[in-house]
J.: 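First, the structure itself, so that you have it in front of you.
Basis for what follows: all heavy atoms, side chains included, without hydrogens, waters or symmetry-related copies.
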Amino acid sequence: GEMKPLWWNCKHLATDRVVAGFDRVMVLDALVQLRALNLRHLLRTMRGNSIDIAHPAVSHGSGCYSGRLLQRSKLSVRFTDFIELLCPVFTQTAWSLFHDRLLQPDIAFHGIGYDQLVKSVVQVDRLGVIDGAEVGVGCRAGGQGLSEVLERDAREL
């Protein structure tokens with residue numbers, strides 16, 4: 001069958017009831033490559049800094065990306081009013097607000113403009129880019145999946 005857009009799947013499949021048992025919700029764009037992601041660092045930094053929505057920095061080797069998420073320092077978190085939604089990680093509360101206030105009312109589901117609306121519509125306090133946790137962005141879909149990263153990092157989470 002036809003593959004549904006990412007945000008359509010999030011609206012219909014990642015409801016509050018489905019994600020209720022999880023502390024964090026990560027959404028992955030098909031272009032994101034997780035090979036270098038330090039998930040443990042990302043989650044610890046989120047918790048330690050009370051970040052509602054975090055995004056790993058994008059590595060400089062990502063030839064198809066030149067946006068605001070490019071990695072700057074291995075040790076820092078950058079607080080911001082804007083994050084692109086390539087690989088956001090939400091707290092359970094932030095996901096519930098994002099889902100109810102942004103996804104549910106949307107009938108197009110393409111995700112266009114969501115990153116511009118997150119801060120004002122979802123009304124979370126802290127958005128952050130985690131420089132010590134990086135992902136790549138490819139020119140076409142097919143990066144390393146989350147299951148491989150979880151298997152690699154499972155002992156340390």
J.: With a 3.5 Å distance limit and no angle check, can you tell me whether Asp52 reaches the backbone of Asp125 through a side-chain donor-acceptor pair?
T.: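 Answer holds: yes.
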J.: How long is the gap from CG on Asn9 to CG on Leu103, to the nearest 0.5 Å?
T.: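 Answer for the CG-CG pair, Asn9 versus Leu103, is 11.0 Å.
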J.: Quick one: pull up OG in Ser59 and CG in Leu37 and give me the separation to the nearest 0.5 Å.
T.: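 Reported value, rounded in 0.5 Å steps: 11.0 Å.
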J.: Any side-chain heavy atom of Leu97 sitting closer than 4.5 Å to one from Phe90?
T.: no
J.: Considering non-hydrogen atoms only, spot the tightest contact between Leu43 and Arg24 and give its length.
T.: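 For Leu43 and Arg24, the tightest heavy-atom pair comes out as CD2-CG, 3.8 Å.
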J.: Please report the interatomic distance CG(Leu6) to OH(Tyr114), rounded to the nearest 0.5 Å.
T.: 9.5 Å
J.: Do you know the tightest heavy-atom contact between His55 and Leu86?
T.: NE2-N, 3.3 Å
J.: Excluding sequence neighbours, so at least two apart, what forms side-chain contact (heavy atoms from CB on, under 4.5 Å) with Ser50?
T.: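 Here the qualifying residues are Arg126.
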J.: Can you tell me how far CH2 of Trp7 sits from CG of Asp29, rounded to the nearest 0.5 angstrom?
T.: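 Asp29 atom CG to Trp7 atom CH2 measures 9.0 Å (nearest 0.5 Å).
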J.: Side chains of Asn49 and Phe79: closer than 4.5 Å at any heavy-atom pair?
T.: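 They are in side-chain contact.
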J.: Do Leu85 and Phe98 touch side chain to side chain, with heavy atoms closer than 4.5 Å?
T.: yes
J.: To check you understand the geometry: which heavy-atom pair defines the closest contact between Val137 and Val58, and what is its length?
T.: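 Of all heavy-atom pairs spanning Val137 and Val58, the closest is CG2-CG1, 3.8 Å.
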J.: Taking side chain as C-beta onward, heavy atoms only, is Val129 less than 4.5 Å from Arg72?
T.: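 Heavy-atom side-chain distance check fails, nothing below 4.5 Å.
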J.: Taking all non-hydrogen atoms of both residues into account, name the closest pair between Trp95 and Ala14 and its distance.
T.: NE1-O, 2.8 Å
J.: Just wondering, do His99 and Val25 contact through their side chains at under 4.5 Å, heavy atoms?
T.: no
J.: Determine the minimum heavy-atom distance between Ala94 and Val124, stating which atoms define it.
T.: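 The answer is CB-CG1, 3.9 Å.
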J.: Check whether more than 12 heavy atoms from other residues, nucleotides or ligands sit under 6.0 Å from atom CZ of Phe82, and answer yes or no.
T.: yes
J.: What distance do Leu127 atom CG and Ile51 atom CD1 have between them, rounded to the nearest 0.5 Å?
T.: 9.0 Å
J.: Got a second to check how far Ile83's CD1 is from Arg78's CZ, nearest 0.5 Å?
T.: 11.0 Å
J.: Using every non-hydrogen atom in the two residues, find where Asp100 and Gln104 come nearest and quote the distance to one decimal.
T.: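 Closest approach of Asp100 to Gln104, heavy atoms only: O-CB, 3.7 Å.
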